[in-house]
Trainee: 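Please find one structure pasted underneath; my questions will follow.
We're numbering straight along the sequence, starting at 1.
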Amino acid sequence: MIIYQSRFLTRGEVWFDENPTAESVDWIVYHQRPQPISRGHWRPFYTRVIDLAQPADSLLAQMDGFTAADMRKAQKKDQTVCRLVDLSDAKAFLTLPISTIASRP
């Protein structure tokens, strides 16, 4: 559970199937629960699944025009590059230095 302290109240956030901890909070917000909880408000959620193996142009073509344009503008401004990474060896990927993963051209 993630706990936030505001000026007067303490809020706990619980994600997915996680159970709240025993820490004292004023209220708990449940995010993306697959099932409703007793005595709580619940609404279904939907997660969009995207095949990231598609070429970048194909992915951008499926987006809203404004979103794609914003991404292109940010890419030029920040000089960022998106690359395909082979995650077959996830342990090796996770041990890479951040500078290697987030390298600029």
Trainee: Using only atom types and a distance under 3.5 Å, with no angle test, would you say the side chain of Asp26 pairs donor to acceptor with the backbone of Thr10?
Mentor: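 At least one qualifying donor-acceptor pair exists.
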
Trainee: So, for Leu59 and Ile50, which heavy atoms are closest and what is the spacing to 0.1 Å?
Mentor: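 Closest approach of Leu59 to Ile50, heavy atoms only: CD2-CG2, 3.7 Å.
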
Trainee: Tell me whether Arg33 contacts the main-chain N or O of Glu18 through its side chain, where contact means a donor paired with an acceptor under 3.5 Å.
Mentor: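 Yes, because the side chain of Arg33 sits within donor-acceptor range (under 3.5 Å) of the backbone of Glu18.
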
Trainee: CD of Glu13 to CH2 of Trp27: how many Å apart, nearest 0.5 Å?
Mentor: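 Atom-to-atom, Glu13:CD and Trp27:CH2 are 9.5 Å apart.
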
Trainee: Closest heavy-atom contact between Phe8 and Gln5?
Mentor: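 That closest heavy-atom pairing would be C-NE2, 4.3 Å.
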
Trainee: Looking at every non-hydrogen atom in both residues, tell me the closest pair between Pro34 and Phe45 and how far apart they are.
Mentor: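 Shortest heavy-atom contact: N-CE2, 4.1 Å.
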
Trainee: Tell me whether Met71 at atom CE has more than 12 heavy atoms from other residues, nucleotides or ligands lying less than 6.0 Å away.
Mentor: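 Open.
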
Trainee: In Å, rounded to the nearest 0.5 Å, how long is the span from NE2 of His31 to CH2 of Trp15?
Mentor: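 So the NE2 of His31 and the CH2 of Trp15 are separated by 4.5 Å.
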
Trainee: Of all heavy-atom pairs between Met1 and Pro20, which one has the smallest distance, and what is that distance?
Mentor: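 The answer is SD-CB, 4.0 Å.
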
Trainee: With a 4.5 Å cut-off on side-chain heavy-atom distances among I, L, V, M, F, W and Y, is there a chain of contacts connecting Val14 to Ile37?
Mentor: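 In one cluster: yes.
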
Trainee: With Ser58, which residues qualify under side-chain contact (heavy atoms from CB on, under 4.5 Å), at least two apart?
Mentor: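 Once residues adjacent in sequence are excluded, the partners of Ser58 under the side-chain contact (heavy atoms from CB on, under 4.5 Å) criterion are Gln54, Pro55, Gln62.
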
Trainee: Do Ile3 and Tyr30 sit in one hydrophobic cluster, given that two such residues count as connected whenever their side-chain heavy atoms are within less than 4.5 Å of each other, even indirectly?
Mentor: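 Yes, Ile3 connects to Tyr30 through the hydrophobic network.
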
Trainee: Hydrophobic cluster membership, with links at side-chain heavy-atom distances under 4.5 Å among I/L/V/M/F/W/Y: are Val29 and Leu9 in one?
Mentor: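 Yes, Val29 connects to Leu9 through the hydrophobic network.
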
